[in-house]
There are 2 protein chains.
Amino acid sequence: MHDHAATHDHGCGGAEEAIARAERLCRERDLQFTRLRRDVLAAIAGQTRPMGAYDIAEALSEPGRRVAAVSVYRALDFLTEHGLVHRIASRNAFISCGHSHTDGAGLVFLICRNCGTIDETTSPEVEDQLGRTLAKAGFKPTSRILEVEGECGACLGRSTED
Amino acid sequence: MHDHAATHDHGCGGAEEAIARAERLCRERDLQFTRLRRDVLAAIAGQTRPMGAYDIAEALSEPGRRVAAVSVYRALDFLTEHGLVHRIASRNAFISCGHSHTDGAGLVFLICRNCGTIDETTSPEVEDQLGRTLAKAGFKPTSRILEVEGECGACLGRSTED
DNA sequence: TGGCCGAGTGTTACAGTGTATCATCACCAA
DNA sequence: TTGGTGATGATACACTGTAACACTCGGCCA
């Protein structure tokens with residue numbers, strides 16, 4: 001099914017893969033991949049669009065099991081800390097990391113304002129130039145966010161088709 | 001100090017300049033630069049550090065004049081829309097634009113996690129590479145945010161001095 | 001076996017951020 | 001004067017995130 005190679009792979013099929021990667025990573029680092037954390041990751045990984053913490057809480061709640069937002073936040077803290085999930089600052093929402101670059105550096109998020117999906121890519125060239133710019137300004141970076149809003153290729157294709 | 005040339009100038013002395021630029025811009029575009037909008041801009045421009053909307057509301061309130069947060073938000077909407085103020089997504093806060101590039105494109109925000117000041121710069125090279133990356137991904141951008149967190153030159157200097 | 005301890009979770013309450021809605025006011029034009 | 005438009009005031013509310021405390025569970029050790 002999902003055999004496309006290089007790029008991200010959130011959405012539906014990507015969920016199991018994300019879980020598998022998370023399990024592996026937690027084994028390696030001796031971390032607890034608990035049910036809640038797995039469920040939260042699964043909820044996010046099953047979407048191409050970002051989910052808010054409260055959306056996740058609602059999605060995981062069912063008769064007999066109520067998941068409070070605060071629990072979701074804690075799981076999200078854990079997941080983001082280890083690069084399994086990314087926070088989209090401009091949306092106050094979260095997506096699962098599709099890559100395996102678990103360090104979370106150099107990411108660029110492409111947010112489609114039409115369909116709402118978020119692609120993530122990296123660009124060594126941008127990273128390189130940004131590093132130069134920062135060095136010139138005498139600034140020592142520790143983290144950064146780069147989020148671009150616009151129209152994704154799929155939506156562009158659809159709109160020109162007509 | 002850091003002698004990069006054409007940069008920002010918020011903070012203290014920059015307030016009157018920011019106001020003057022805003023007045024000019026509003027005259028040009030036939031916009032209303034009302035008291036509230038001026039006060040909000042002045043409050044922000046008097047700081048090197050970003051202010052939250054509620055901070056601004058409090059700063060503008062005095063006995064006999066209570067400024068509600070919602071009013072501040074409306075003024076901020078106006079100011080950001082015309083590039084006089086920038087929103088810092090990672091902080092939920094606002095700073096006055098120090099440049100005159102009122103289109104707001106290509107900005108990079110340098111947020112010092114030590115002293116909290118925010119520098120803003122531009123980098124055509126970064127912009128250029130980012131444009132390439134987006135084109136390659138088939139993504140048509142409409143806006144973007146680029147915020148770097150780290151330690152500013154001034155703080156680095158201070159810490160190595162000791 | 002029993003007690004301790006730490007990590008994770010449940011629960012409640014609350015703080016911070018942002019928006020919807022409606023009423024009012026000032027100003028300009030017909 | 002009347003009516004429309006844009007800005008503001010005011011209240012309420014929705015959404016986002018955190019603090020504090022209690023509880024459980026498992027491992028560890030006396």
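Note on naming: letters A, B, ... go to the chains in the order of the sequence lines (proteins, then strands), and numbering restarts at 1 for each one. Both backbone and side-chain heavy atoms feed into the values below; hydrogens, waters and symmetry mates do not.
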In whole angstrom, what separates [X]'s [atom1] from [N]'s [atom2]?
X       : N      : atom1 : atom2 : answer
A/Asp55 : D/dC15 : CG    : P     : 9 Å
B/Asp77 : C/dA20 : CG    : P     : 10 Å
A/Leu60 : C/dG8  : CG    : P     : 18 Å
B/Tyr73 : D/dC15 : OH    : P     : 15 Å
A/Phe33 : D/dG26 : CZ    : C1'   : 20 Å
A/Ile56 : D/dG17 : CD1   : C1'   : 13 Å
A/Leu36 : C/dA7  : CG    : C1'   : 13 Å
B/Asp30 : C/dC28 : CG    : C1'   : 13 Å

Would you kindly compare A/Arg37 and A/Arg66 by the position of their nearest DNA chain C nucleotide and give the one closer to the 5′ end?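 Per heavy-atom nearest nucleotide, the more 5' residue is A/Arg37.
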
Inspect the contact between [Y] and [X] and indicate whether a charged nitrogen and a carboxylate oxygen are less than 4.0 angstrom apart.
X        : Y        : answer
B/Arg132 : B/Glu127 : no
B/Arg65  : B/Asp39  : yes
A/Arg21  : A/Glu17  : yes

Between [X] and [N], does any side-chain N or O lie under 4.0 Å from OP1 or OP2?
X       : N      : result
B/Tyr54 : C/dG16 : no
B/Arg38 : D/dA7  : no
B/Thr34 : D/dT8  : yes
A/Ser71 : C/dG8  : no
A/Asn92 : D/dG17 : yes

Is it true that, when you exclude A/Glu125 itself, more than 12 heavy atoms of the residues, nucleotides or ligands shown sit nearer than 6.0 Å to its CD? yes

Look at the side chain of B/Arg74 and decide which nucleotide, out of C/dT17, D/dA7, D/dA10, has an atom nearest to it. D/dA10

Between D/dG6, D/dG17, C/dG8, which nucleotide has the shortest distance from any of its atoms to the side chain of B/Gln32?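 When the side chain of B/Gln32 is considered, D/dG6 is the closest of D/dG6, D/dG17, C/dG8.
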
With heavy atoms under 4.0 Å as the rule, sort [X] into base, sugar-phosphate or nothing.
X       : result
A/Arg35 : nothing
B/Arg91 : nothing
A/Val70 : base

Establish whether A/Leu84 and A/Leu60 are linked, either directly or via other cluster members, by ILVMFWY side-chain heavy-atom contacts under 4.5 Å. yes

For B/Val67 and for A/Ala93, find the nucleotide of DNA chain D with the closest heavy atom, then tell me which residue's nucleotide is more 5'.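 Looking at DNA chain D, the more 5' nearest nucleotide goes with B/Val67.
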
